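A short worksheet on the structure shown next.
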Amino acid sequence: LKDQDIDMSRIMVAHNYYPRPETGLDKGYFIKQNTKLKTSFPDISIMAFVTGTVYRGPVYEGLPTLEDHRYCHPLIAAHELAALGVDDICIGDTGIDTTTINQFNNFFHKGIVSLHVQSETKHLESYIGRIFHNRKDKARDVIRAEEGRQMFQSEILPENTVARTRGAITLDNNKYGRYMNELQIVNKDLKRHEAVNVIGHVYQQDIPCIDLIDAGTAFQFVKGEEKNGYQSFNDRIKK
(Lines give C-alpha, C1' and ligand atoms only; values in the text may rest on other atoms or scores of the structure.)
Protein backbone atom coordinates (compact mmCIF):
# COMPACT_ATOMS: atom_id res chain seq x y z
CA LEU A 1 0.00 0.00 0.00
CA LYS A 2 2.84 2.36 0.84
CA ASP A 3 4.55 1.60 -2.48
CA GLN A 4 1.32 2.45 -4.29
CA ASP A 5 1.16 5.90 -2.64
CA ILE A 6 -2.00 5.03 -0.72
CA ASP A 7 -3.07 7.71 1.80
CA MET A 8 -2.12 5.86 5.01
CA SER A 9 -4.27 8.18 7.13
CA ARG A 10 -7.26 6.32 5.63
CA ILE A 11 -5.98 2.91 6.77
CA MET A 12 -7.09 1.30 10.04
CA VAL A 13 -5.24 -1.72 11.45
CA ALA A 14 -7.39 -3.79 13.81
CA HIS A 15 -6.19 -6.22 16.44
CA ASN A 16 -8.25 -9.37 16.98
CA TYR A 17 -10.47 -10.12 20.00
CA TYR A 18 -10.19 -13.36 21.98
CA PRO A 19 -13.30 -15.15 23.33
CA ARG A 20 -11.36 -17.98 25.03
CA PRO A 21 -9.84 -17.15 28.44
CA GLU A 22 -6.02 -17.18 28.59
CA THR A 23 -5.69 -16.48 24.84
CA GLY A 24 -5.86 -12.67 24.85
CA LEU A 25 -2.74 -10.77 23.87
CA ASP A 26 0.17 -10.16 26.19
CA LYS A 27 0.48 -6.43 26.95
CA GLY A 28 4.21 -6.30 26.23
CA TYR A 29 3.71 -7.93 22.81
CA PHE A 30 0.78 -5.59 22.10
CA ILE A 31 2.87 -2.50 22.83
CA LYS A 32 5.76 -3.82 20.70
CA GLN A 33 3.49 -4.49 17.70
CA ASN A 34 1.87 -1.06 17.94
CA THR A 35 5.25 0.65 18.21
CA LYS A 36 6.50 -1.16 15.09
CA LEU A 37 3.36 -0.18 13.16
CA LYS A 38 3.40 3.47 14.20
CA THR A 39 7.14 3.77 13.55
CA SER A 40 6.80 2.49 9.98
CA PHE A 41 3.37 3.99 9.24
CA PRO A 42 2.75 6.94 11.61
CA ASP A 43 -0.46 8.00 9.83
CA ILE A 44 -2.41 4.77 10.25
CA SER A 45 -4.93 4.28 13.06
CA ILE A 46 -4.91 1.25 15.34
CA MET A 47 -8.07 -0.38 16.73
CA ALA A 48 -8.44 -2.79 19.66
CA PHE A 49 -11.33 -4.29 21.63
CA VAL A 50 -12.68 -4.23 25.18
CA THR A 51 -15.45 -6.34 26.69
CA GLY A 52 -19.06 -5.24 26.82
CA THR A 53 -21.70 -6.00 29.46
CA VAL A 54 -23.75 -8.42 27.33
CA TYR A 55 -21.43 -11.30 26.54
CA ARG A 56 -21.34 -13.25 23.29
CA GLY A 57 -21.72 -17.03 23.42
CA PRO A 58 -20.90 -19.81 23.50
CA VAL A 59 -18.05 -19.03 25.94
CA TYR A 60 -19.53 -15.88 27.56
CA GLU A 61 -16.19 -14.65 28.92
CA GLY A 62 -15.91 -11.34 27.09
CA LEU A 63 -14.13 -10.40 23.87
CA PRO A 64 -11.09 -8.28 24.76
CA THR A 65 -7.88 -7.83 22.81
CA LEU A 66 -5.69 -7.90 25.93
CA GLU A 67 -6.04 -10.79 28.37
CA ASP A 68 -5.45 -8.32 31.22
CA HIS A 69 -8.79 -6.72 30.30
CA ARG A 70 -10.99 -9.83 30.37
CA TYR A 71 -12.35 -9.20 33.87
CA CYS A 72 -11.85 -5.45 33.83
CA HIS A 73 -14.44 -2.66 33.86
CA PRO A 74 -14.78 -1.65 30.16
CA LEU A 75 -14.01 2.00 30.92
CA ILE A 76 -10.79 1.08 32.75
CA ALA A 77 -9.77 -1.13 29.81
CA ALA A 78 -10.57 1.59 27.27
CA HIS A 79 -8.62 4.17 29.26
CA GLU A 80 -5.56 1.93 29.26
CA LEU A 81 -5.83 1.23 25.52
CA ALA A 82 -5.96 4.97 24.87
CA ALA A 83 -2.90 5.46 27.09
CA LEU A 84 -1.11 2.78 25.04
CA GLY A 85 -1.70 4.74 21.84
CA VAL A 86 -4.77 2.95 20.45
CA ASP A 87 -6.73 5.32 18.22
CA ASP A 88 -10.07 3.49 17.96
CA ILE A 89 -11.60 1.41 20.75
CA CYS A 90 -14.41 -1.02 19.95
CA ILE A 91 -16.77 -3.02 22.17
CA GLY A 92 -16.11 -6.65 21.23
CA ASP A 93 -19.20 -8.20 22.81
CA THR A 94 -22.87 -8.33 21.82
CA GLY A 95 -23.79 -5.19 23.74
CA ILE A 96 -23.03 -2.70 26.48
CA ASP A 97 -25.60 -1.18 28.82
CA THR A 98 -26.70 2.45 28.79
CA THR A 99 -25.22 3.34 32.17
CA THR A 100 -21.76 2.17 31.11
CA ILE A 101 -22.06 4.05 27.80
CA ASN A 102 -22.92 7.17 29.84
CA GLN A 103 -19.74 6.61 31.86
CA PHE A 104 -17.78 6.43 28.59
CA ASN A 105 -19.36 9.65 27.29
CA ASN A 106 -18.83 11.55 30.53
CA PHE A 107 -15.21 10.47 30.82
CA PHE A 108 -13.98 10.76 27.22
CA HIS A 109 -16.07 13.78 26.16
CA LYS A 110 -16.45 15.74 29.41
CA GLY A 111 -13.53 14.55 31.55
CA ILE A 112 -15.86 13.45 34.37
CA VAL A 113 -15.61 10.14 36.24
CA SER A 114 -19.18 9.00 37.02
CA LEU A 115 -19.56 6.61 39.96
CA HIS A 116 -22.78 4.73 40.75
CA VAL A 117 -23.44 4.93 44.46
CA GLN A 118 -25.64 3.68 47.27
CA SER A 119 -26.71 5.90 50.18
CA GLU A 120 -26.03 4.98 53.81
CA THR A 121 -27.40 8.21 55.32
CA LYS A 122 -29.58 11.10 54.14
CA HIS A 123 -26.55 13.30 53.48
CA LEU A 124 -25.45 11.62 50.24
CA GLU A 125 -28.61 12.74 48.43
CA SER A 126 -27.35 16.34 48.52
CA TYR A 127 -24.27 15.37 46.52
CA ILE A 128 -25.88 13.25 43.77
CA GLY A 129 -25.31 14.71 40.30
CA ARG A 130 -23.05 17.57 41.42
CA ILE A 131 -19.62 17.93 39.84
CA PHE A 132 -16.66 17.78 42.22
CA HIS A 133 -12.91 17.82 41.63
CA ASN A 134 -10.17 15.93 43.40
CA ARG A 135 -7.75 18.34 45.02
CA LYS A 136 -4.67 19.10 42.94
CA ASP A 137 -2.46 18.06 45.87
CA LYS A 138 -3.55 14.44 45.43
CA ALA A 139 -3.73 12.37 48.63
CA ARG A 140 -2.57 8.76 48.80
CA ASP A 141 -5.48 7.21 50.72
CA VAL A 142 -8.54 9.26 49.75
CA ILE A 143 -10.09 11.37 47.01
CA ARG A 144 -10.74 14.81 48.54
CA ALA A 145 -13.53 16.89 46.99
CA GLU A 146 -12.12 20.36 46.47
CA GLU A 147 -15.58 21.94 46.75
CA GLY A 148 -16.86 20.00 49.80
CA ARG A 149 -16.32 22.48 52.62
CA GLN A 150 -16.94 25.47 50.36
CA MET A 151 -20.25 24.20 49.02
CA PHE A 152 -21.80 23.02 52.30
CA GLN A 153 -21.70 24.76 55.66
CA SER A 154 -24.33 22.84 57.65
CA GLU A 155 -23.73 21.30 61.08
CA ILE A 156 -22.84 17.60 60.68
CA LEU A 157 -23.42 15.41 63.72
CA PRO A 158 -21.61 12.08 64.22
CA GLU A 159 -23.49 9.26 62.43
CA ASN A 160 -22.45 5.88 61.05
CA THR A 161 -18.81 6.32 62.08
CA VAL A 162 -17.83 2.81 61.00
CA ALA A 163 -14.74 1.31 59.37
CA ARG A 164 -14.11 2.76 55.91
CA THR A 165 -13.63 0.23 53.12
CA ARG A 166 -12.35 1.15 49.66
CA GLY A 167 -15.20 2.87 47.85
CA ALA A 168 -16.76 4.34 51.00
CA ILE A 169 -18.00 7.93 50.66
CA THR A 170 -17.38 9.92 53.83
CA LEU A 171 -18.30 13.26 55.36
CA ASP A 172 -16.41 14.74 58.29
CA ASN A 173 -18.62 15.63 61.26
CA ASN A 174 -18.34 18.39 63.88
CA LYS A 175 -15.74 16.45 65.87
CA TYR A 176 -13.22 17.26 63.12
CA GLY A 177 -13.47 21.00 63.75
CA ARG A 178 -12.64 23.07 60.66
CA TYR A 179 -12.69 19.92 58.49
CA MET A 180 -16.43 19.49 59.02
CA ASN A 181 -18.17 18.91 55.64
CA GLU A 182 -15.00 17.51 54.07
CA LEU A 183 -16.23 15.05 51.42
CA GLN A 184 -14.03 12.09 50.50
CA ILE A 185 -13.97 8.79 48.60
CA VAL A 186 -11.84 6.19 50.36
CA ASN A 187 -9.12 4.73 48.15
CA LYS A 188 -7.93 2.00 50.53
CA ASP A 189 -9.39 0.29 53.59
CA LEU A 190 -9.17 2.56 56.63
CA LYS A 191 -10.22 2.08 60.26
CA ARG A 192 -13.19 3.89 61.73
CA HIS A 193 -12.79 7.46 62.97
CA GLU A 194 -15.24 9.10 65.33
CA ALA A 195 -15.09 12.33 63.32
CA VAL A 196 -15.82 10.70 59.93
CA ASN A 197 -19.32 9.62 58.87
CA VAL A 198 -19.74 6.97 56.17
CA ILE A 199 -22.61 8.36 54.10
CA GLY A 200 -22.56 5.89 51.20
CA HIS A 201 -20.58 3.52 49.01
CA VAL A 202 -19.53 3.27 45.39
CA TYR A 203 -21.09 0.14 43.91
CA GLN A 204 -18.68 -2.77 43.53
CA GLN A 205 -18.61 -2.71 39.73
CA ASP A 206 -17.47 0.93 39.72
CA ILE A 207 -14.82 0.78 42.45
CA PRO A 208 -12.02 0.27 39.86
CA CYS A 209 -13.08 3.59 38.27
CA ILE A 210 -11.84 5.39 41.38
CA ASP A 211 -8.36 4.88 39.91
CA LEU A 212 -9.31 7.20 37.03
CA ILE A 213 -9.57 10.14 39.46
CA ASP A 214 -6.22 11.90 39.34
CA ALA A 215 -5.16 15.30 40.71
CA GLY A 216 -7.80 17.83 39.63
CA THR A 217 -10.03 15.23 37.93
CA ALA A 218 -13.77 15.93 37.92
CA PHE A 219 -16.12 13.31 39.35
CA GLN A 220 -19.78 12.89 40.19
CA PHE A 221 -22.04 10.51 42.08
CA VAL A 222 -24.88 8.89 40.13
CA LYS A 223 -27.80 6.94 41.54
CA GLY A 224 -27.43 3.34 40.51
CA GLU A 225 -27.70 -0.26 41.51
CA GLU A 226 -25.43 -3.27 41.77
CA LYS A 227 -25.23 -4.79 38.30
CA ASN A 228 -25.86 -8.48 38.08
CA GLY A 229 -25.61 -8.05 34.30
CA TYR A 230 -21.90 -7.45 34.67
CA GLN A 231 -21.73 -10.94 36.16
CA SER A 232 -19.68 -8.86 38.61
CA PHE A 233 -16.08 -8.52 37.43
CA ASN A 234 -14.92 -9.69 40.85
CA ASP A 235 -17.14 -12.80 40.69
CA ARG A 236 -15.75 -13.66 37.26
CA ILE A 237 -12.21 -13.33 38.60
CA LYS A 238 -13.04 -15.73 41.47
CA LYS A 239 -14.38 -18.27 38.96
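Keep in mind the model is a prediction, meaning the values are calculated, not measured.
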Is the closest side-chain donor-acceptor distance between [X] and [Y] under 3.5 Å?
X: D97; Y: T100; value: yes
X: N34; Y: H15; value: yes
X: R144; Y: N134; value: no
X: E155; Y: N174; value: yes

Worksheet item: Should we say atom CZ of F104 is surrounded by more than 12 heavy atoms from elsewhere, each under 6.0 Å from it?
Response: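 Counting neighbours around CZ of F104, more than 12 heavy atoms of other residues, nucleotides or ligands fall under 6.0 Å, so yes.
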Check [Y] with [X], please: is the shortest side-chain N to carboxylate O separation under 4.0 Å?
X: E22; Y: R20; answer: yes
X: R130; Y: E147; answer: no
X: E182; Y: R149; answer: yes

Under 3.5 Å, side chain of [X] to main-chain N/O of [Y], donor-acceptor pair present?
X: K38; Y: I44; value: yes
X: S114; Y: Q220; value: no
X: N160; Y: I199; value: no

Practice prompt. For the pair Y176 and H193, name the ring-plane relationship: parallel under 30°, tilted 30 to 60°, perpendicular over 60°.
Written response: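 The arrangement is parallel - the two ring planes meet at less than 30°.
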